[in-house]
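A note on names: the letters A, B, ... follow the listed sequences, proteins ahead of strands, and every chain is numbered from 1.
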There are 2 protein chains.
Amino acid sequence: MTLNFIKPMTQTSIKIVVYEDNPDLRESLSVLLAGSIGFELIGAFVNCEQVAKQIVELKPDVVLMDIDMPVANGLKGLKIIKQLAPQVNVVMFTVFEDNENIFEAICSGAVGYLLKRTPPVKLLEAIQEANNGGAPMTSSIARKVLQMLPTQQKVTENNDYKLTERESEILNLLVKGNSYKMIADKCSISIDTVRSHIKKIYDKLHVHSQTEAVAKAIHERIV
Amino acid sequence: MTLNFIKPMTQTSIKIVVYEDNPDLRESLSVLLAGSIGFELIGAFVNCEQVAKQIVELKPDVVLMDIDMPVANGLKGLKIIKQLAPQVNVVMFTVFEDNENIFEAICSGAVGYLLKRTPPVKLLEAIQEANNGGAPMTSSIARKVLQMLPTQQKVTENNDYKLTERESEILNLLVKGNSYKMIADKCSISIDTVRSHIKKIYDKLHVHSQTEAVAKAIHERIV
DNA sequence: AGTTTCATCACCCAATCATGTGATATTACC
DNA sequence: GGTAATATCACATGATTGGGTGATGAAACT
């Protein structure tokens with residue numbers, strides 16, 4: 001990645017919009033992007049107040065989004081963007097490294113999450129990656145994202161109800177919305193046998209109704 | 001990251017075990033790690049047959065794990081490692097880039113996922129990151145991981161059932177395992193009213209039983 | 001003033017579910 | 001050979017649920 005201050009307008013430039021309340025940082029980003037081949041800064045704003053209008057008009061490829069901004073913050077802006085133009089790749093650019101913000105940003109559709117101490121070269125790389133369908137983030141951020149996923153450990157932990165194979169099978173069918181009769185059909189057993197199995201499942205799960213069993217099964221990933 | 005062929009034994013070296021069936025690649029990795037300060041290759045094996053014994057004896061900090069190996073593959077090995085020694089950081093090192101393998105590896109507790117075409121320098125960086133609590137992966141892998149998370153889009157999309165406030169409240173109580181009678185009590189309304197609300201909920205959700213409603217509610221909505 | 005939406009309640013009937021108390025056959029293990 | 005776990009089935013009883021039909025009042029919007 002080379003910085004180049006003679007910037008030709010190419011058709012393949014990545015069009016970028018920046019949301020950042022700090023004037024110095026905003027200026028730095030402008031200079032960086034203006035001076036880099038393949039990048040085109042088409043807008044830079046202090047907050048997300050006008051985000052809807054701006055995104056629709058400017059049609060950026062990538063948005064670099066600060067989180068902590070006065071009036072209308074970056075998470076709010078992100079959500080609006082993903083509603084109006086879900087194809088836009090939004091990269092969060094912030095000092096926050098807490099699970100809360102990361103989780104909300106990722107769940108709201110951000111594709112990348114960078115910290116402000118990211119060096120300029122890495123920042124340009126990240127924008128390119130975001131534009132190419134990647135999800136740029138540091139490995140410490142990635143670790144936090146992984147912790148949001150269901151892990152094998154959790155699964156093992158919760159499979160401790162020691163359901164038999166048949167019982168698991170029937171619980172699965174139950175979760176999928178099958179009635180006793182449908183389960184009996186699918187398993188080729190009598191409805192009384194289904195009953196019998198389900199009674200044992202309730203015992204093992206310490207529940208007393210289909211609803212509770214289904215909720216527990218889904219929440220604890222027994223299914 | 002510099003390669004250094006005069007390798008002093010420092011106490012802070014990252015202890016690494018490699019599982020890789022290709023002899024050439026295994027040799028390359030050995031040379032790379034042997035020649036790099038801060039890295040100590042303490043074992044290299046062709047498959048995961050003896051993984052349990054090896055991990056317990058060698059106590060590595062980081063494991064570099066191929067997936068496609070004869071007899072005992074890397075995903076199997078990963079699971080055994082995470083059971084016996086969950087503190088070990090396992091980085092998958094493979095040619096596979098499909099969702100299936102990535103998903104299984106991440107859910108089984110792998111902290112990193114690298115492709116075999118990763119350049120040596122990046123590989124060493126990744127091992128360090130894994131050792132320092134990071135989750136090294138390329139941004140394209142990261143994007144795939146993100147897709148495994150529930151997104152705001154999905155939530156918005158599915159909130160489209162337009163339940164009224166009361167209906168949402170009752171659905172929530174249903175999901176928590178309450179019977180009609182219990183809901184009636186908690187909401188201080190008659191059981192017939194509960195019925196009435198639930199009937200409307202079923203209509204809107206296109207389901208015909210508590211079980212289905214609960215499963216649907218949990219899988220794609222509020223709860 | 002009329003219409004729509006929402007929350008509330010009532011009654012009926014058939015289907016389904018929860019629970020209890022059995023029994024039988026198979027497999028596996030000591 | 002005896003025991004335990006599993007899977008199968010039966011019968012009975014009462015509670016709960018699902019669907020239909022309809023009514024009332026309040027709020028909101030036209």
Side-chain angles (χ1 to χ4, degrees), chain A residues 83 155-223, chain B residues 83 155-223:
Chain A
Q83 274 191 332
V155 173
T156 318
E157 198 172 282
N158 289 311
N159 256 353
D160 216 338
Y161 294 105
K162 285 175 194 155
L163 298 188
T164 67
E165 243 183 74
R166 197 55 150 175
E167 286 162 358
S168 291
E169 184 189 358
I170 288 174
L171 180 55
N172 266 283
L173 290 169
L174 214 50
V175 169
K176 281 174 192 142
N178 293 279
S179 66
Y180 287 15
K181 198 182 285 181
M182 291 160 80
I183 294 174
D185 280 355
K186 291 193 184 177
C187 293
S188 304
I189 54 180
S190 87
I191 197 167
D192 277 307
T193 305
V194 176
R195 251 192 254 288
S196 167
H197 286 305
I198 288 181
K199 265 183 281 192
K200 282 171 199 148
I201 294 171
Y202 288 179
D203 272 354
K204 292 185 182 179
L205 260 55
H206 306 299
V207 298
H208 302 88
S209 71
Q210 271 193 55
T211 313
E212 284 180 283
V214 169
K216 199 155 190 170
I218 297 177
H219 279 135
E220 313 207 353
R221 312 264 191 284
I222 298 173
V223 288
Chain B
Q83 274 191 332
V155 173
T156 317
E157 186 175 291
N158 290 310
N159 257 353
D160 216 337
Y161 293 109
K162 287 178 194 156
L163 298 188
T164 68
E165 242 182 74
R166 197 54 150 175
E167 286 162 359
S168 292
E169 184 189 358
I170 287 175
L171 179 55
N172 267 283
L173 288 168
L174 215 50
V175 169
K176 282 174 191 139
N178 293 279
S179 66
Y180 287 16
K181 199 181 283 180
M182 293 161 79
I183 295 174
D185 280 356
K186 293 194 184 179
C187 293
S188 304
I189 54 179
S190 88
I191 198 167
D192 276 308
T193 305
V194 175
R195 249 191 253 291
S196 167
H197 285 306
I198 288 181
K199 269 182 275 194
K200 281 169 200 149
I201 294 171
Y202 288 179
D203 269 356
K204 293 184 181 178
L205 260 56
H206 306 298
V207 298
H208 303 88
S209 69
Q210 270 193 53
T211 313
E212 284 179 285
V214 168
K216 200 154 190 171
I218 295 177
H219 275 136
E220 41 189 277
R221 297 181 59 261
I222 316 162
V223 200

Subject >> Selection from D/dT17, C/dT19, C/dA7 that lies nearest to any side-chain heavy atom of B/Ser179 >> reply: D/dT17

Original post:
Is there a donor-acceptor contact under 3.5 Å from the side chain of A/Ser196 to the main chain of A/Asp192?
Top reply: no

Original post:
Can you give one letter per nucleotide of nucleotides 24-30 of chain C, going 5' to 3': B for a protein heavy atom under 4.0 Å from the base, S for sugar-phosphate only, - for none?
Top reply: -------

**OP:** Output yes when at least one side-chain N/O atom of A/Thr164 is less than 4.0 Å from OP1 or OP2 of D/dA5, else no.
**Re:** no

Subject >> Side chain to side chain, B/Lys204 and B/Thr164, heavy atoms closer than 4.5 Å >> reply: yes

**OP:** Whole angstrom is fine here: how far is it from CD in B/Glu167 over to C1' in C/dC6?
**Re:** 8 Å

Original post:
At under 4.0 Å between heavy atoms, what does A/Ser190 touch on the DNA or RNA strands: base, sugar-phosphate, or nothing?
Top reply: sugar-phosphate

Subject >> Strand DNA chain C in bracket notation, Watson-Crick/G-U under 3.5 Å with | for pairs to another chain >> reply: ||||||||||||||||||||||||||||||

**OP:** Determine: side-chain N/O of B/Thr193 to OP1/OP2 of C/dC9, distance under 4.0 Å, yes or no.
**Re:** yes

Subject >> Contact nearer the 5' end of DNA chain C, comparing B/Ile191 with B/Lys204 >> reply: B/Lys204

Original post:
Tell me: OH of B/Tyr202 to C1' of D/dG20, nearest whole Å?
Top reply: 16 Å

Original post:
Rounded to whole angstrom units, what separation is found between the CZ atom of A/Arg166 and the C1' atom of D/dA5?
Top reply: 16 Å

Original post:
Roughly how many Å is it from NZ in B/Lys200 to C1' in D/dG20, rounded to a whole number?
Top reply: 13 Å

Original post:
Does a side-chain N or O from B/Lys181 land closer than 4.0 Å to OP1 or OP2 of D/dA15, or not?
Top reply: no

Tabulate atom names and distances for all N/O pairs under 3.5 angstrom spanning the protein and nucleotides 20-22 of chain C.
from	atom 1	to	atom 2	distance (Å)
C/dG20	N7	A/Lys199	NZ	3.0
C/dG20	O6	A/Lys199	NZ	3.2
C/dT21	O4	A/Lys199	NZ	3.4

Original post:
When we call it a touch if two heavy atoms are under 4.0 Å apart, what does B/His197 touch: a base, just sugar-phosphate, or nothing?
Top reply: base

Original post:
Are the side chain of B/Tyr202 and the backbone of B/Gln210 linked by a donor-acceptor contact shorter than 3.5 Å?
Top reply: yes

Subject >> A/Arg166 and its side chain to side chain contact (heavy atoms under 4.5 Å, CB included) partner, picked from A/Ile201, A/Ile189, A/Thr193 >> reply: A/Ile189

